[in-house]
Amino acid sequence: MKLIKEIKEQKELIQTQGRIIKKRDLGKIFFLELSDFTGSIQVVVEKPELLTKLQDLHPETIISLSALVKKSPSDKPELHAQSLEIISAVEEVPDLELQSKEIKENLDTQLKHRAIGLRHKKNKAIFKVQAKILEAYREFMTNLGCTEIFTPLLLASSSEGGAEIFHVDYFEKQATLAQSAQLYKQIMVGVFDRVFGLSKCFRAELSNTRRHLTEGSQLEFEFGYIEGLETILKHEEAALRHILKKVYKDCQVEMQTLKAQELMVPKETFPTYSFKEACQVLTEKFNIDTLEWDDLSTEAEKLLCQYARETYKSDFIFITHIPKGAFYAFRDDNGIIHNVDLLCKEMEISSGGRRIDDYDQLRMSIMAAGMDPKDFSEYLSIFKFGMPAHGGFGLGLERLTMLICNQDNIRQTTLFPSDPKRVASQQL
Ligand code: ATP
Ligand code: MG
């Protein structure tokens, strides 16, 4: 059996198999587009006994055939079927149109039939790009000396505090689903110094926006012996540059299919503004009152991205020292928090920062956030046994995919999205 990309002109019959993508019926002759994961090829079927076999079959049918290879009028190899076997027959029309150039159905309908809809060329392009992002991230982090880790998703108590926690029945007891890998990746810095991973995060937020899921994936990074916040910014920027370079080199066809323009990356380092400086820009350029703010609004994120594009020709901008910080965020002697958000094109795609590395400070910070240090005893214990200055970030994989692939809804860049109305793409 030959893969489609291996098919070249030759004298002997070849055997191949694949999925019929398109069928053109001209009466005494059928043209099929046959595809496998390596590409697609035109098949000409003229023999009457083969035509009868195909008569009532629809695209998506799986066939195997033996054929002669000839040159098509467009100079590409073309198959002329000599014998043909139906391996999996499709006798009905799917609920979604898979052959159309653009996806025609609305998002609700697409998600209702997600299992089939993912076969559309555009959807395949999105998830090919996503896989490339992951490949590039893993490559970059491994080269940096980071060890890949997988952190638990079932937890006894919450990882970040707050109300956005899913509870699950756990035999006679209750467990929660991880909101992030935060505490575990810090624990693992105590083991390996430098770690990374892909982690799931569950957020029980009633956010029906185009950028929130209840089950998301984050590219995680945590790094020991940092010199300061700059170390995190440096590695985050380099990781993103590496991802974009690889995607734009290896996924040209997919980017064209998606009509996605390359994100703008400045020649110099990504523009970096402190929260205070960002607020000044918002006030001076956009006439926004930021006086009471401790975090950026969605609208402010969009405007700052616009500003970065106009001023620095950059789709990326770092905002540092944001007053609203998690309990584990490092504060300096002036009470300034050493954290950072990365904005891209129009929204936040990652949050990170230096972490508290002092046992007593961390214990107090947990209490100040209204939580009980006892619930964090395993995590807290590492700070009694030597922890270097450390920090990292969590970067939303689906949001990054959405921006690279020029999609306007995060559900389009999640295989089986969960949100307040659906679980794994199915409406509740
Ligand atoms: P936002 O303010 O946009 O809701 P967040 O600050 O609550 O995000 P973090 O806890 O900082 O999110 O998570 C780090 C990254 O993970 C975010 O920058 C984002 O890219 C991604 N992320 C967080 N929450 C979600 C979610 N509900 N759905 C999809 N991605 C998410
Ligand atoms: Mg954040």
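Predicted, not measured: the structure shown is a model, and the values here were computed from it. Just so you know, ligand 1 is whichever comes first in the structure, and atom 1 is the first atom listed for that ligand.
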Checklist entry - Does a side-chain heavy-atom distance below 4.5 Å link E215 with K200? => result yes

Next on the checklist: Under 4.0 Å, heavy-atom basis, I'd like to know which part of R203 is in contact with ligand 1: side chain, backbone, both or neither.
Outcome noted: side chain

Item to check | Pair E139 + K246, salt bridge at N-O below 4.0 Å | outcome: yes

Next on the checklist: Quick check on E348 - does any of its heavy atoms sit under 4.0 Å from an atom of ligand 1?
Outcome noted: yes

Next on the checklist: Test side chain to side chain contact (heavy atoms under 4.5 Å, CB included) on V195 and C146; report intermediate values, then the result.
Outcome noted: CA-CA 5 Å; V195 294; C146 302; 5.6 Å; no

Item to check | Contact with ligand 1 for S180, non-hydrogen, under 4.0 angstrom | outcome: no

Item to check | Pairing of E346 and R210 as salt bridge, 4.0 angstrom limit | outcome: yes

Checklist outcome for this item: With heavy atoms and a 4.0 Å threshold, my read on which part of M347 contacts ligand 1 is neither

Item to check | From H212, M402, Q218 - option closest to atom 14 (C) of ligand 1 by heavy atom | outcome: Q218

Checklist entry - Do the numbers put R354 on top of the ring of F330, so that NZ or CZ is under 6.0 Å from the six-membered ring centre and no more than 45° off the axis? => result yes

Next on the checklist: Please evaluate residues D358 and R363 with respect to the criterion salt bridge (charged side-chain N to carboxylate O under 4.0 Å, His left out), reporting the C-alpha separation (whole Å), side-chain torsions for both, the decisive distance (0.1 Å), and the verdict.
Outcome noted: CA-CA 9 Å; D358 177 81; R363 221 176 150 270; over 6 Å; no

Item to check | Within-cut-off N or O pair, E398 and ligand 1, under 3.5 Å | outcome: no

Checklist entry - Can you list the ligand 1 atoms lying under 4.0 Å from a non-hydrogen atom of G394? => result 14 (C), 15 (C)

Item to check | Side chains of T401 and Q130, donor plus acceptor under 3.5 Å | outcome: yes

Checklist entry - In terms of atom number and element, which parts of ligand 1 are under 4.0 angstrom from non-hydrogen atoms of E205? => result 27 (N)

Checklist entry - For the Mg ion (ligand 2), does an N/O/S atom of E348 lie at less than 2.8 Å? => result yes

Next on the checklist: With the threshold set at under 4.0 angstrom, would you say Q179 reaches ligand 1 through any of its heavy atoms?
Outcome noted: no

Checklist entry - Atoms of ligand 1 less than 4.0 Å from S350 heavy atoms? => result 18 (O)

Next on the checklist: Quick check: F150 with Y184 (ring centres under 6.0 Å apart)?
Outcome noted: no

Checklist entry - Roughly how far apart are Q174 CD and H167 NE2, rounded to 0.5 Å? => result 7.0 Å

Checklist entry - Hey, is I410 touching ligand 1 through its side chain, its backbone, both or neither, going by heavy atoms under 4.0 Å? => result side chain

Next on the checklist: Can you confirm if the aromatic rings of F316 and F318 lie within a centre distance of less than 6.0 Å?
Outcome noted: no

Next on the checklist: Please check whether L213 reaches ligand 1 - meaning an N/O of the residue sits under 3.5 Å from an N/O of the ligand, judged on distance alone.
Outcome noted: yes

Next on the checklist: Any nitrogen or oxygen of G396 lying under 3.5 Å from a nitrogen or oxygen in ligand 1? Just yes or no.
Outcome noted: yes

Checklist entry - Would you say S350 reaches the Mg ion (ligand 2) with an N/O/S atom under 2.8 Å? => result no

